[in-house]
Amino acid sequence: MRILIVGTGGTIASARTERGYKAKLSVDEILGLAGIEKSDGVKIDTEDILNLDSTLIQPEDWVTIGRALFKALGEYDGIVITHGTDTLAYTSSALSFMLKNVPVPVVLTGSMLPITEPGSDAPRNIKTALTFAIKGFPGIYVAFMDKIMLGTRVSKVHSLGLNAFQSINYPDVAYVKGDDVVVRHRPALPSGEPSFDPRIEPDITYLRLTPGLSPEVFLTMAEKSRGVVLEGYGAGGIPYRGRNLLGAVSKIAREKPVVMTTQALYGGVDLTLYEVGRRALEAGVIPAGDMTKEATLTKLMYALGHARSVDKVREIMEKNLACEIST
Ligand code: ASP
């Protein structure tokens, strides 16, 4: 059994500096501090790809990580990635779209407290990730605070608490029981030849709908990018009373994709439910369904990396690619 642990930085790799916590430890140093032997029954190899606070992660870094993973897929029985928690859900979603049919478990993890601090959650999270990685369930997952969640379904829901991630609109895949991990939901992920497709379009405007948002602001921001995600309220809809955002949205939606997600954490959008939602659909808005905000953004990047026309992008957005959307 061979496992690769790939380091990209984050709190899990951080130590105290005069200017706050900074990612600087290698994976070998993290394993040493976590008390994990590199040959405890399983042979562990390590590779440091990046060492960044994940606030600094850019879409191009997903391509770097994805390429390294793809190269390692044939050589390992499982892969663990240590990553900052702030953008971990974006990375796990983006990787899930770029890397198809991974034949082994790829498990992202991180920690809320640096491994160098007393009481850090890092050893526990790495152990959970490793225990799940050796189980052999193919797919891209996130291991955090005794849970395994599907990579396309997680969101960071707490900026300080250790239970910082939740699986949104989707069951947890597995949970820790004693020294083991018990699987309780196996996602119906597609299978086939593994492939890596790095084509993504990072140039997206992501805008939160707020009372009073002017059509001018929307147009200025929307015109500057290749696609728009609009984070609406509740089940979704566009205001047309007073400041008429609907007119501006309908103008942009003819030229480029405008996808609507929701500010609510759970439930997703259903634009057929209310009149304000029906108008959005008529204006050409593409509903994000029950996808997370992170999956919505990264899937739109992926879709725009593969299609030019709004209709083709709509088709990709509405299709289930990696259990990210219920159809
Ligand atoms: N700022 C850190 C990061 O995302 C937070 C963490 O890892 O928990 O890299």
Side-chain angles (χ1 to χ4, degrees), residues 1-15 23-52 54 57 61-62 64-85 88 91-92 95-96 99 102-117 120-151 154 165 173-183 194 196:
M1 172 75 63
R2 287 184 74 193
I3 301 285
L4 175 68
I5 308 187
V6 172
T8 68
T11 295
I12 194 163
S14 290
K24 56 203 296 194
L25 304 183
S26 66
V27 177
D28 283 341
E29 287 172 310
I30 297 173
L31 292 183
L33 287 164
I36 294 170
E37 295 287 331
K38 283 175 80 179
S39 56
D40 248 356
V42 218
K43 165 108 179 54
I44 297 176
D45 286 338
T46 56
E47 186 178 344
D48 295 286
I49 301 187
L50 302 166
N51 216 342
L52 295 172
S54 77
I57 291 274
D61 297 317
W62 302 331
T64 305
I65 299 168
R67 186 163 285 129
L69 295 183
F70 187 61
K71 207 171 132 255
L73 284 181
E75 294 167 40
Y76 291 93
D77 302 299
I79 302 174
V80 170
I81 308 168
T82 54
H83 194 289
T85 62
L88 188 146
T91 299
S92 63
L95 290 175
S96 305
L99 272 172
V102 293
V104 298
V106 173
V107 192
L108 290 97
T109 194
S111 72
M112 296 301 286
L113 291 172
I115 188 129
T116 45
E117 295 290 329
S120 168
D121 50 332
R124 176 180 187 172
N125 288 341
I126 300 180
K127 280 175 195 151
T128 304
L130 277 171
T131 310
F132 186 72
I134 61 180
K135 294 245 171 226
F137 295 102
I140 298 182
Y141 303 93
V142 173
F144 220 90
M145 193 64 183
D146 300 344
K147 287 180 294 196
I148 308 292
M149 297 154 280
L150 189 65
V154 286
F165 285 86
V173 171
Y175 61 95
V176 172
K177 197 167 178 212
D179 287 336
D180 201 8
V181 165
V182 179
V183 175
F196 172 59

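It should be emphasised that the depicted structure is a prediction, and the values quoted were computed from it without experimental measurement.
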Would a 4.5 Å heavy-atom cut-off, applied to side chains only, mark Ile81 and Leu95 as touching?
-> yes
At what distance, to the nearest 0.5 angstrom, does CG of Leu88 lie from OG1 of Thr8?
-> 8.0 Å
side-chain hydrogen bond (donor to acceptor under 3.5 Å, both in side chains): pairs with one or both residues in residues 127-137, sequence neighbours excluded = Lys135-Asp180
Are Asp61 and Leu52 close enough, and set up right, to give a side-chain contact (heavy atoms from CB on, under 4.5 Å), and what steps lead you there?
-> CA-CA 10 Å; Asp61 297 317; Leu52 295 172; 4.3 Å; yes
Looking only at non-hydrogen atoms, find the nearest pair between Ile126 and Thr109 and report the distance.
-> CA-CG2, 4.3 Å
If you take all heavy atoms of Ile49 and Ala68, which pair is closest and at what distance?
-> CD1-CB, 3.3 Å
Tell me, do Ser92 and Val154 make a side-chain contact under 4.5 Å, heavy atoms counted?
-> yes
Determine whether Arg67 and Phe196 make a side-chain contact, defined as any pair of heavy atoms from C-beta on separated by less than 4.5 Å.
-> yes
Atom pair NZ (Lys43) and NZ (Lys38), whose distance is rounded to the nearest 0.5 Å | 7.0 Å
Hey, are the side chains of Thr85 and Phe144 touching, using non-hydrogen atoms and a 4.5 Å cut-off?
-> yes
Would you say the side chain of Arg2 lies within less than 4.5 Å of the side chain of Asp45, judging by non-hydrogen atoms?
-> yes
Is the backbone of Ala72 close enough, under 3.5 Å, to the side chain of Glu75 for a donor and an acceptor to pair up by distance?
-> no
Considering non-hydrogen atoms only, spot the tightest contact between Ala122 and Ile115 and give its length.
-> CB-CD1, 3.6 Å
CG of Leu31 to CD of Glu37: how many Å apart, nearest 0.5 Å?
-> 10.0 Å
Could you verify whether a donor N or O on one side chain and an acceptor N or O on the other, from Ser111 and Asn125, lie under 3.5 Å apart?
-> no
Is there side-chain contact between Val104 and Pro138, with heavy atoms separated by less than 4.5 Å?
-> no
With a 4.5 Å limit on heavy-atom distance, are the side chains of Pro194 and Leu99 in contact?
-> no
Identify the heavy atoms of Met1 and Ile134 that sit nearest to each other, and give their distance.
-> CE-O, 3.6 Å
How many angstroms lie between atom NE2 of His83 and atom OG1 of Thr91, to the nearest 0.5 angstrom?
-> 3.0 Å
Which residue, Val42, Ile3, Val181, Val107, forms the side-chain contact (heavy atoms from CB on, under 4.5 Å) with Leu130?
-> Ile3
Fit a plane to each ring of Tyr141 and Phe132, take the angle between them on a 0 to 90° scale, and name the class: parallel (under 30°), tilted (30 to 60°) or perpendicular (over 60°).
-> perpendicular
Which residues share a salt bridge (charged side-chain N to carboxylate O under 4.0 Å, His left out) with Asp146, sequence neighbours left out = Arg124
Under the 3.5 angstrom rule, does the side chain of Asp48 hit a backbone N or O of Val27 as a donor-acceptor pair?
-> yes
What heavy-atom pair brings Asn51 and Lys24 nearest, and what distance separates the two atoms?
-> ND2-C, 3.3 Å
Answer yes or no: is there a side-chain heavy-atom contact under 4.5 Å between Ile57 and Leu50?
-> yes
Apply the test side-chain contact (heavy atoms from CB on, under 4.5 Å) to residues Ile30 and Ile5: give CA-CA distance (whole Å), side-chain angles for both, the deciding distance (0.1 Å), then the verdict.
-> CA-CA 11 Å; Ile30 297 173; Ile5 308 187; over 6 Å; no
Over all heavy atoms of both residues, which pair between Gly9 and Ala23 is shortest? Give the atoms and the distance, please.
-> CA-CB, 4.0 Å
Output the distance between atom OG1 (Thr11) and atom CG (Asp121), rounded to the nearest 0.5 Å.
-> 8.5 Å
Point-to-point distance, once rounded to the nearest 0.5 Å, from CG of Leu69 to CG of Leu4 = 8.0 Å
